Amino acid sequence: MRAADTLQASLREVVGDANVLTDPDAMAGFLVDWTGAYRGEADAVVRPRTTDEVSAVVRICSGAGARICVQGGNTGLVGGSVPPARRDPERPTILLSTSRMTDIDEVDVIGRCVGAQAGATVAAIDARAAQAGLAFPIDLASRESATAGGVVSTNAGGTRMIRRGNTRSQVLGIEAVLADGRVLRRWTSLIKDNVGYDLPGLLAGSEGTLAVVTRVLFRLVVPPASAVVAVAAVDHVQTAIDLIGAASSQGLTVEAAELMTEAGIALVHEHGQRHPTASRAPFYVLLEVCGPGDIEAATAELLSGTDGLADAVLEPAPARALWGARESHTESIARSSATPVVKLDISVPIRALPEAFADLAGVGDSGDFDCRPVLFGHVGDGNIHVNLLDVPVERAGDVTDTVFGIVSAHGGSISAEHGIGRAKARWTHLGRSDVDLDAMRAIKSALDPQWLLNPGVIFG
Ligand SMILES: Cc1cc2nc3c(=O)[nH]c(=O)nc-3n(C[C@H](O)[C@H](O)[C@H](O)COP(=O)(O)OP(=O)(O)OC[C@H]3O[C@@H](n4cnc5c(N)ncnc54)[C@H](O)[C@@H]3O)c2cc1C
């Protein structure tokens, strides 16, 4: 019997026949990532329901020397949620999907936290929090599919990061299966607990390379009583930055601050979104603010007191149509490129944003091939999503080098919030020193001595 057949038989005993997929058609959707640029191969897709089942699956794989690729909602944008492109006949590969692990506990209203299984979606956790008058502090356009395990493992940022911080800072406790099948459980709603290393913090952002996250205890927050959303059409990136700064200086709390360009707005408009303002301008800044008193009047005053605004609109939150123009960027871009979009999620210091924007927008002007840049992002965090459309496949590496050169020149990071995955594994030396990378490899080897978890992710 082949090693893969023996492995499949053992896995069926743990999760049942229906939850070990081996038919190519049944596996197909799990083996391609959201962007369509990354396709992998696996000997089986395994769908456990409980932590005990995950533990048994990992123990079997560890014993067999089989590689495990972990997948949540499969909305990651760096190719980390699918297995390597080629199967290794000597070492079987399974894809472990958390799609059946969707339980969410009752909300602890006094401790302001909730426990969720790894496969629960961001939208479902937020809906459970809302039933208790609270909110999940992480929000992103992929909320209907992105999972608890996914946002923790990528340390997702999202649209509320400017106000609430990243996912790592929302994790109070974690349960995870280590590479040998043992269950690590740090589960406490204590606000202060400094006993040794911050292992939940380490697993946040580890992209499935150190353990399989099975459950997470998340912090919840009190949502603002009322908020407004404004979109201002502006001539310069600096005007957007000034507007965000002025909002804070005037006592408004900035819940979100996003920047879009005319190219992006035109694209989402083509795909059915309303143009946010009557007048056109090179840039559009979306601000969601809350605060005491008459928040609409205070925001209107803020807008009228800011120089360089071509036009502006203001609506009470949730202002879904205004947000729609911003949140549909990723999908509209994916549907508009002749070749796989080169997607680079970078950050620069806030003061460098205007120059970095100009340099990045010029990447398409090299002359030897056509390329359409569409830039947008969480501007309040210095985060720009660089999307390069119609790049000839064989030039994707060159254009990535050019973008990362610009990022380095401005003192930025090659990965702001999406992680490294497979897409950026070649370039980690641009963001971390040799000593730093050695320390990361030592941690990987200590927790996963056979390097079975998510091969090729982060370390290439
Ligand atoms: C339209 C759109 C908008 C987006 N907006 C944002 C945004 O604003 N901010 C942002 O940060 N990201 C954003 N993303 C990217 C993506 O949604 C996030 O990276 C998200 O956290 C991925 O969650 P997921 O459940 O889909 O994970 P997957 O894509 O399934 O996996 C992502 C990584 O996490 C690992 N992983 C998943 N689950 C587990 C687990 N249980 N244990 C261990 N490892 C695991 C995978 O192996 C992989 O390396 C967006 C994506 C789309 C498509």
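Positions are given from 1, in the same order as the sequence printed here. All values below come from the heavy atoms of this structure, side chains included, with hydrogens, waters and symmetry mates left out. Both counts, for ligands and for their atoms, begin at 1 and track the order of listing. Predicted, not measured: the structure shown is a model, and the values here were computed from it.
In summary, the atoms of ligand 1 found under 4.0 Å from a heavy atom of A156, numbered by their order in the structure, are 11 (O), 21 (O). Atoms of ligand 1 found under 4.0 Å from any heavy atom of G158 (numbered from 1 in listed order, with element): 7 (C), 8 (O), 9 (N). Listed by number with element, the atoms of ligand 1 under 4.0 Å from a non-hydrogen atom of Q71 are 30 (O). Residue-ligand proximity, E207 to ligand 1, at heavy-atom distances under 4.0 Å covers atoms 47 (O), 49 (O). Close approach to A141 involves these atoms of ligand 1, each under 4.0 Å from a residue heavy atom: 3 (C). Within ligand 1, counting atoms from 1 as listed, the ones closer than 4.0 Å to a heavy atom of G208 are 43 (C), 44 (N). Residue contact check: A211 has heavy atoms under 4.0 Å from atoms 43 (C) of ligand 1. Annotation for ligand 1: atoms under 4.0 Å from non-hydrogen atoms of L140 are 5 (N), 6 (C), 7 (C), 8 (O), 9 (N), 10 (C), 12 (N), 13 (C), 17 (O).
Taking only nitrogen or oxygen atoms, main chain and side chain alike, E417 reaches within less than 3.5 Å of ligand 1. For ligand 1, the polar-atom distance check finds an N/O of G72 within less than 3.5 Å of one of the ligand's N/O atoms. For ligand 1, the polar-atom distance check finds no N/O of W34 at less than 3.5 Å from any of the ligand's N/O atoms. Some N or O of N454 is nearer than 3.5 Å to an N or O of ligand 1, by distance alone. The shortest N or O to N or O distance between G157 and ligand 1 is below 3.5 Å. No N or O atom of A146 sits closer than 3.5 Å to an N or O atom of ligand 1.
The pair R215-D105 meets the salt-bridge criterion, since a charged nitrogen lies less than 4.0 angstrom from a carboxylate oxygen. A salt bridge between R160 and E288 is present, with a side-chain N of the basic residue lying under 4.0 Å from a carboxylate O of the acidic one. By the 4.0 Å N-to-carboxylate-O rule, D43 lies close enough to R87 to be salt-bridged with it. With respect to the salt-bridge test (charged N to carboxylate O, under 4.0 angstrom), the residues D108 and R112 do not qualify. Between R274 and E315 there is a salt bridge, since a side-chain N of the basic residue sits under 4.0 Å from a carboxylate O of the acidic one. Remark: D448 does not engage R67 in a salt bridge, criterion side-chain N to carboxylate O under 4.0 Å.
When G73, S99, G76, G150 are ranked by how near their heavy atoms come to atom 29 (O) of ligand 1, first place goes to G76. With atom 19 (O) of ligand 1 as the reference point, the heavy atom nearest to it among T159, V213, T154 is part of T154. When T98, V78, T75 are ranked by how near their heavy atoms come to atom 15 (C) of ligand 1, first place goes to T75.
The nearest protein atom to atom 44 (N) of ligand 1, hydrogens excluded, is given as S153 OG, 3.0 Å; this is a heavy-atom distance. Nearest to atom 25 (O) of ligand 1 among the protein's heavy atoms is T147 OG1, 2.6 Å. In terms of protein heavy atoms, atom 1 (C) of ligand 1 is closest to T330 CB, 3.7 Å. For atom 31 (O) of ligand 1, the nearest protein heavy atom (residue, atom name, distance) is S81 CB, 3.6 Å. Counting protein heavy atoms only, atom 40 (C) of ligand 1 is closest to V70 CG1, 3.6 Å. Among all non-hydrogen protein atoms, the one lying nearest atom 4 (C) of ligand 1 is S142 OG, 3.8 Å. At the shortest separation from atom 28 (P) of ligand 1 among protein heavy atoms lies N74 N, 3.6 Å.
Looking only at atom types and distance, the side chain of W451 has a donor-acceptor partner in the side chain of S445 under 3.5 Å away. Defined by atom type and a distance below 3.5 Å, a donor-acceptor pair is present between the side-chain atoms of D33 and T35. Side-chain atoms of T339 and D390 include no donor-acceptor pair closer than 3.5 Å.
Not one N or O on the side chain of S337 forms a donor-acceptor pair closer than 3.5 Å with the backbone of A334. The closest donor-acceptor contact from the side chain of R422 to the backbone of V82 lies under 3.5 Å. For the pair R49 (side chain) and R100 (backbone), a donor-acceptor distance under 3.5 Å is present. A donor-acceptor distance shorter than 3.5 angstrom exists from the side chain of T121 to the backbone of A124, with no hydrogens or angles considered.
Ligand 1 lies within reach of H418, whose nearest heavy atom is under 4.0 Å from it. In this structure, A148 does not count as a contact residue of ligand 1, since none of its heavy atoms falls inside 4.0 Å of the ligand. Residue H378 places a heavy atom less than 4.0 Å from ligand 1. Assignment of V457 to the shell around ligand 1 is not supported, since no heavy atom sits closer than 4.0 Å.
With respect to E175, the side-chain hydrogen bond (donor to acceptor under 3.5 Å, both in side chains) criterion is satisfied by exactly one of R185, R186, Q117: R185.
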Worked verdict on Y284 versus E262 for side chain to side chain donor-acceptor pair (under 3.5 Å): CA-CA 7 Å; Y284 299 82; E262 177 57 19; 2.5 Å; yes
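Below 30°, between 30° and 60°, or above 60°: for H385 and H418 the angle between ring planes is below 30°, a parallel geometry.
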